[in-house]
Amino acid sequence: MLNMNFSNFWDVFAIPFGYVMQFFTKISGGHYLISLFLFALAVKLVTLPLAIKQQKTQIKGAMLKPKLMMIEKKYAGRNDQVTQRKKQQEMMELQQKEGFSPLSGCLPLLIQFPIIIALYRIIRMPLKYVVNLADEIVVKLYNAFSGASATAFKEIPDAAHIDMVGYWSANPETFESISGVSVDKLPNYRIFGQIDLGLKPAFSLEKLDWNKWNYFLLLIPVLCCALAFLTTWISRRINDNGINQQVAPEQKSSMMIMNLVMPLMQLWIAFIVSGAVGVYWVYTSLLGILQIVLLAKFMPLPKYTEEQIKEMQKAEKQHGSRSVTGSSVDENGKPKSLHYEDDEDDY
């Protein structure tokens, strides 16, 4: 039974996930490298229905894109506030009519955020979440470990937990006498007995516990960044249905910036958290790439040629839509506004 001592808001997420991690740690023989993969796999399987829903949303969005492009062209060159509001309103009405919500694709990301936060706490505080020790026992262990006199659980630095795991693994009798728990329940952060996933990637041997093998931790942020780039590239290539080439230059620039910023942010964050968190991201990216490929195979987005797009726009025009070829500028070459909808506007 898990210790339900909520000393932090994130314990609402961390304690249940700690139970899952505790189970995976047990069946993997205490090896965090394996239990992290099992945890990442479990998260992907649980969120698979959301991923399927997201793919369906992308398919619906791809089918809707030609009509949205017509609205964009219809109001091209008209940048006043009233016109822009009218354009947005028309787009929203079309999306509602077709049952499409552009925000629905954000749900899987929002759900994974608390999982990442909870996982970070689980990795940083294994004595509480994985070994399942009560807060007061952790305080006693910390006092014996550091020679300090901590009086409250919150006074113990999170990073101390990982140091304590290594210390108590080497002093099993003392650990068992204080905690009443077998030392076998302590997680093993080490790979090949050398690389310590509990440490942060760093360029200093002092920060890497004087072990040159821990320099391999520097590969983890690089892998996180590279796989984030690769995920975006594969997703764009697989889901390119011909319409993406029709977007405005400013939209392409925004997409390019986002494709650069997100991997670089992951690179930076992977340097300031323990290597175990980075390994989890690596696993998540690899499983995410596999998921993208499989969903694209079984639920492919519709593919359009430039001629097909023009035909769809022409057919939509013939069904009563305003013409996209009408003039959006006046006789002086200035953009028209929709403050006044004159009869002379050829829509």
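- Residues Val282 and Val222 do not share a hydrophobic cluster, defined by chaining ILVMFWY side chains whose heavy atoms lie under 4.5 Å apart.
- Within 6.0 Å of CZ in Phe216 there are 12 or fewer heavy atoms belonging to other residues, nucleotides or ligands.
- The shortest non-hydrogen separation linking Pro187 to Val165 is O-CG1, 3.4 Å.
- For Tyr283, the ring-ring contact (aromatic ring centres under 6.0 Å, His included) partners at least two apart in sequence or on another chain are Phe37.
- Closest approach of Tyr142 and Met164 over heavy atoms only: N-CE, 3.4 Å.
- Put simply, Phe23 and Leu41 are part of the same group of oily side chains (I, L, V, M, F, W, Y) that touch within less than 4.5 Å, one to the next.
- The number of heavy-atom neighbours closer than 6.0 Å to CE of Met91, taken from other residues, nucleotides and ligands shown, is above 12.
- Here the straight-line distance linking atom CD1 of Ile52 with atom CE of Met299 works out to 6.5 Å at 0.5 Å rounding.
- Both Leu219 and Trp268 are part of a single hydrophobic cluster, where members link through side-chain heavy atoms under 4.5 Å apart.
- Side chains of Lys128 and Asp11 form a contact here, defined as non-hydrogen atoms less than 4.5 Å apart.
- The shortest non-hydrogen separation linking Glu176 to Val183 is OE2-N, 3.3 Å.
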- Task: Show your reasoning for whether side-chain contact (heavy atoms from CB on, under 4.5 Å) applies to Lys185 and Asn132.
- Result: CA-CA 9 Å; Lys185 289 192 174 184; Asn132 193 25; over 6 Å; no

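- Two residues are said to be in side-chain contact when any heavy atoms from C-beta on lie closer than 4.5 Å; Lys44 and Leu290 fail this criterion.
- Counting heavy atoms from C-beta outward, Tyr32 and Ile191 have side chains that stay 4.5 Å or more apart.
- Considering every non-hydrogen atom in both Leu48 and Gln291, the closest pair reads CD1-OE1, 3.9 Å.
- Between the CG atom in Leu36 and the CG atom in Leu197 there is a gap of 7.5 Å [rounded to 0.5 Å].
- Annotation: ring-ring contact (aromatic ring centres under 6.0 Å, His included) contacts of Tyr167 (sequence neighbours excluded): Phe145.
- Residues Gly278 and Cys224 come closest through the heavy atom pair O-SG, 3.3 Å.
- Hydrophobic clustering places Phe17 together with Leu45 (ILVMFWY residues linked when any side-chain heavy atoms are closer than 4.5 Å, directly or through intermediates).
- When side chains are defined from C-beta on, Gln266 counts as touching Ser285, because their heavy atoms get closer than 4.5 Å.
- The closest donor-acceptor contact from the side chain of Ser28 to the backbone of His31 lies under 3.5 Å.
- Separating the CZ atom in Arg121 from the CZ atom in Phe13 is a distance of 12.0 Å, to the nearest 0.5 Å.
- Among Ile156, Leu133, Val181, Ile137, the single residue meeting the side-chain contact (heavy atoms from CB on, under 4.5 Å) criterion with Leu127 is Leu133.
- Within the 4.5 Å cutoff, the side chain of Pro126 has heavy atoms near those of the Tyr189 side chain.
- Ser235 places no side-chain N or O within 3.5 Å of a backbone atom of Thr232 that could act as its donor or acceptor partner.
- Summarising the geometry of Ser169 relative to Leu186, their closest heavy-atom pair is OG-CD1, 3.5 Å, with the distance given to 0.1 Å.
- The CD1 atom of Ile234 sits 4.5 Å away from atom CD1 of Ile289, with the distance rounded to the nearest 0.5 Å.
- Residue Leu295 holds its CG atom at 9.0 Å from CD of Gln54, rounded to the nearest 0.5 Å.
- In this structure, the side chains of Val43 and Leu287 stay at 4.5 Å or more apart for every pair of heavy atoms.
- Using cut-offs of 30° and 60° for the angle between ring planes, the Phe175 and Trp168 rings count as tilted.
- Within a 6.0 Å radius of CE in Met92, other residues, nucleotides and ligands contribute 12 heavy atoms or fewer.
- Expressed to the nearest 0.5 Å, how far CZ of Phe271 lies from NZ of Lys200 amounts to 12.5 Å.
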